[in-house]
Amino acid sequence: MSISHAPPTSLEPDISPISAPDLDLQPLVPASSRRTRVPRWLRRTTGPVLLLALWQLLSSTGALQPDVLASPGRIAQVAGDMVADGSLPAAMGTSLQRVAAGLLLGLVVGTGLALLSGLFRIGEDLVDAPVQMLRTMPFVGLIPLFIIWFGIGEAPKVAIITLGVTFPLYLNVYAGIRGVDAQLIEAGESLGLSRWGLVRHVVLPGALPNAMTGLRYSLGIAWLALVFAEQVNADSGIGFLMVQARDFLRTDVIVVCLVVYAFLGLLADFIVRSLERLLLQWRPTFTGR
């Protein structure tokens with residue numbers, strides 16, 4: 001019987017080169033960079049512009065009566081007249097002086113109490129409880145007492161602003177001090193830093209972000225307190241103009257004063273944010289996408 005033998009198959013792998021597909025290689029670009037970017041200033045102004053356009057439309061069609069709320073065009077005209085006769089710049093100067101004085105006193109008192117309470121346990125035992133009790137009291141309700149204590153001049157107005165500024169600063173600076181990582185303290189001690197060196201190089205820089213947040217919040221409270229302060233026995237300032245406008249049912253003047261309050265508050269917040277970026281360059285943070 002004859003047995004046919006099949007030709008032996010090769011066991012060696014086929015290592016012939018495989019031609020790679022013709023790929024059009026492109027550099028990797030982040031998805032956020034591939035989008036069509038709209039300038040940020042344009043995005044931030046779109047909302048207010050649309051709101052003004054809607055406001056003007058409602059006023060032009062009669063849906064919004066002038067005695068209820070004046071049109072943007074009328075408000076712009078009144079603001080120009082108030083700038084021309086000097087009443088608005090004079091009122092702004094007076095209000096800025098009151099806010100500056102109250103803010104400075106509030107910075108000194110609030111930061112000083114926070115340092116005393118945050119750095120020392122005995123300070124916390126003596127200071128924190130009274131501050132927390134006073135913090136829960138509405139500062140607007142203290143206006144009658146301030147008038148009795150300080151009279152009807154500038155002192156009660158500055159005192160109201162100071163009281164409103166003090167507590168946000170105290171809470172944020174205190175939280176910043178007590179929020180410093182204990183391991184950083186131990187590292188500083190191992191490097192031979194003294195107590196003052198720890199406070200200067202570790203504790204205060206670690207508390208600075210919270211302090212800047214407290215300052216921004218305190219500025220908002222300062223302008224809010226100013227509104228109440230200038231409507232009590234005031235003969236100058238933006239609040240005084242608002243009281244006069246209320247008596248004569250001038251909604252256009254009232255809106256002008258409110259816009260000035262908002263603009264000054266926005267300008268103050270911009271200054272603090274710029275200062276925050278300058279002082280906290282060492283602290284990289286998420287800025288959104």
Donor-acceptor contacts under 3.5 Å from residues 261-269 side chains, at least two apart:
{"unit_1": "Y261", "atom_1": "OH", "unit_2": "E230", "atom_2": "OE1", "d": "2.9"}
{"unit_1": "Y261", "atom_1": "OH", "unit_2": "G239", "atom_2": "N", "d": "3.2"}
{"unit_1": "D269", "atom_1": "OD1", "unit_2": "R216", "atom_2": "NE", "d": "2.9"}
{"unit_1": "D269", "atom_1": "OD1", "unit_2": "R216", "atom_2": "NH2", "d": "3.4"}
{"unit_1": "D269", "atom_1": "OD2", "unit_2": "R216", "atom_2": "NH2", "d": "3.4"}

* **Test item: T136 side-chain N/O and M133 main-chain N/O as donor-acceptor pair under 3.5 Å** => yes
* Short side-chain to backbone donor-acceptor contact, S218 and V165, under 3.5 Å -> yes
* Check side chain to side chain contact (heavy atoms under 4.5 Å, CB included) between L275 and all other residues, then give those that pass, not counting sequence neighbours. => M212, L279
* Asked: With sequence neighbours excluded, what pairs up with R74 under the side chain to side chain contact (heavy atoms under 4.5 Å, CB included) test?
  -> A70, S71, Q77, V78, R250, D252
Answer yes or no: is there a side-chain heavy-atom contact under 4.5 Å between [X] and [Y]?
| X | Y | result |
| --- | --- | --- |
| W55 | L52 | yes |
| Q244 | C257 | no |
| Q132 | L171 | yes |

* Asked: Can you list every pair that meets ring-ring contact (aromatic ring centres under 6.0 Å, His included) and has a residue in residues 150-169, with sequence neighbours left out?
  -> F146-F150
* Residues which pass salt bridge (Lys or Arg N to Asp or Glu O under 4.0 Å) with R200, listed by chain and number, not counting sequence neighbours -> none
* Candidates T166, L226, L224 - the one meeting side chain to side chain contact (heavy atoms under 4.5 Å, CB included) with I161 -> L226
Enumerate donor-acceptor pairs with a distance under 3.5 Å from any side-chain N or O in residues 102-109 to protein atoms, sequence neighbours excluded.
none

